[in-house]
Amino acid sequence: MATLSDVPAPARALGFAGLIPFVAGGLGAWAFEPTSTWWLYVLNAQVLYGCMILSFLGAVHWGRALAEDTDRPLWGPLGWSVMPSLLAWTAALAASDLSIAILVIGLLAAYLTDRRAVTLGWFPEWYGVLRRYLSVIAVLALGASLIRLLALA
């Protein structure tokens, strides 16, 4: 079974660096006064970044399907690959609390799909390990923002 130390250094470094906007958003939701311009800016930035990351996670599956040299029908992988972008688009148009909830659901669905893809041998084991860590931290950061929003309602 792969561990975090099995993840190639560039993927590990870039993956964890990619958490900075999620964590900054979660911290900013609690650090700034809800009446301040910064508070709204931080929440919007976290949601928009989450939308981009969710779309990226779908694109990983599109790329894998394109790299496959097979006559096998690609409806499954390509069909899934567009779902995160559609969820992200929906999140971008929703109110803040709903948009964060959609992103959390989307990130969890993407993780479960990636975990299955690793089990099927479509992605290396280390990818599943990296995705687990990144997903947990991103979801916790978004959850912190959502809790702050709901506490104000």
Side-chain angles (χ1 to χ4, degrees), residues 1-64 77-120 122-153:
M1 185 162 149
T3 65
L4 194 57
S5 63
D6 295 318
V7 176
R12 192 172 54 241
L14 294 170
F16 280 97
L19 290 172
I20 293 169
F22 283 118
V23 174
L27 293 173
W30 289 89
F32 296 108
E33 285 297 318
T35 55
S36 75
T37 304
W38 280 105
W39 188 76
L40 187 58
Y41 177 79
V42 164
L43 285 177
N44 285 334
Q46 186 187 43
V47 166
L48 291 175
Y49 183 73
C51 290
M52 289 185 282
I53 291 301
L54 191 54
S55 292
F56 172 83
L57 293 173
V60 170
H61 288 266
W62 186 281
R64 186 199 61 80
L78 292 179
W80 162 254
S81 73
V82 300
M83 291 306 297
S85 294
L86 294 173
L87 281 173
W89 175 68
T90 303
L93 297 174
S96 294
D97 54 349
L98 181 58
S99 66
I100 293 173
I102 291 168
L103 288 173
V104 166
I105 291 166
L107 287 173
L108 292 174
Y111 169 69
L112 292 174
T113 302
D114 287 347
R115 191 174 79 179
R116 181 173 178 270
V118 168
T119 302
L120 293 171
W122 296 346
F123 296 120
E125 266 191 71
W126 64 259
Y127 183 68
V129 171
L130 181 63
R131 288 283 293 115
R132 181 176 57 242
Y133 280 95
L134 300 181
S135 295
V136 166
I137 296 168
V139 165
L140 287 174
L142 286 165
S145 296
L146 184 58
I147 290 168
R148 177 70 164 150
L149 277 168
L150 294 176
L152 297 171

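Because the structure is predicted, anything quoted here is derived from the model rather than measured. Hydrogens, waters and symmetry mates are skipped; everything else that's a heavy atom, side chains included, is used.
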When rounded to the nearest 0.5 Å, the distance separating CD1 of Ile100 from CZ of Arg148 is 12.0 Å

Determine the sole option in Leu54, Leu103, Val60 for which the side-chain contact (heavy atoms from CB on, under 4.5 Å) test with Pro84 is passed. Leu54

Taking the side chain as C-beta and beyond, is there a heavy-atom pair between Phe16 and Leu130 under 4.5 Å? yes

Closest heavy-atom contact between Ser96 and Ser99? O-OG, 2.8 Å

Test item: Leu78 and Val82 side chains (from C-beta on) under 4.5 Å apart, heavy atoms: no

Checking side chain to side chain contact (heavy atoms under 4.5 Å, CB included) for the pair Leu140/Val136: CA distance, chi angles, key distance, verdict? CA-CA 6 Å; Leu140 287 174; Val136 166; 3.9 Å; yes

Are any non-hydrogen side-chain atoms of Met83 and Leu86 less than 4.5 angstrom apart? yes

Can you tell me how far the CG atom of Leu149 sits from the CG atom of Leu98, to the nearest 0.5 Å? 11.5 Å

Quick check: closest heavy atoms across Val7 and Ala11, and the distance to 0.1 Å? CG1-CB, 4.0 Å

Heavy-atom nearest pair, Trp39 first then Gly28, reads CD1-O, 3.8 Å

Is there a side-chain contact between Ser135 and Leu107, using heavy atoms and a 4.5 Å cut-off? no

Of all the heavy-atom pairs spanning Leu43 and Ala29, show the shortest one and how long it is. CD2-CB, 3.9 Å

Where is the tightest heavy-atom contact between Ile102 and Ala94, given as atom of each residue plus distance? CD1-CB, 4.3 Å

Contact between Leu108 and Val104 at the side-chain level, heavy atoms closer than 4.5 Å - yes or no? yes

Indicate yes or no for a side-chain donor-acceptor contact from Trp30 to the backbone of Ala144 under 3.5 Å, with no hydrogens or angles considered. yes

Does Ser85 use its side chain to pair, donor to acceptor, with the backbone of Ser81 at less than 3.5 Å? no

Carefully, step by step, assess Arg115 and Tyr127 under the rule side chain to side chain contact (heavy atoms under 4.5 Å, CB included). CA-CA 9 Å; Arg115 191 174 79 179; Tyr127 183 68; over 6 Å; no

For the backbone of Gly128 and the side chain of Tyr111, can you confirm whether one donor and one acceptor N or O come within less than 3.5 Å of each other? no

Under a 4.5 Å cut-off applied to non-hydrogen side-chain atoms, are Thr3 and Val129 in contact? no

Could you label the plane-to-plane angle of the Trp38 and Tyr41 rings as parallel, tilted or perpendicular, counting under 30° as parallel and over 60° as perpendicular? perpendicular

When rounded to the nearest 0.5 angstrom, what distance separates CH2 in Trp122 from CZ in Arg64? 4.5 Å

Beyond-backbone contact of Pro21 with Gln46, side-chain heavy atoms, under 4.5 angstrom: no

Nearest-0.5 Å distance, CG of residue Leu152 to OG1 of residue Thr35: 10.0 Å

Would a distance-only check, ignoring hydrogens and angles, find a side-chain to backbone donor-acceptor pair under 3.5 Å from Arg12 to Leu4? yes

Spatial distance of atom CG (Asp114) from atom OG1 (Thr119) [nearest 0.5 Å]: 10.5 Å

Side-chain (Trp126) to main-chain (Ala2) donor-acceptor, under 3.5 angstrom: no

Distance-minimising heavy-atom pair for Leu19 and Ala138: CD2-N, 3.9 Å

Close side-chain approach of Ile53 and Phe22, heavy atoms under 4.5 Å: yes

To the nearest 0.5 angstrom, please state how far the CG atom of Leu14 sits from the CG atom of Leu134. 10.5 Å

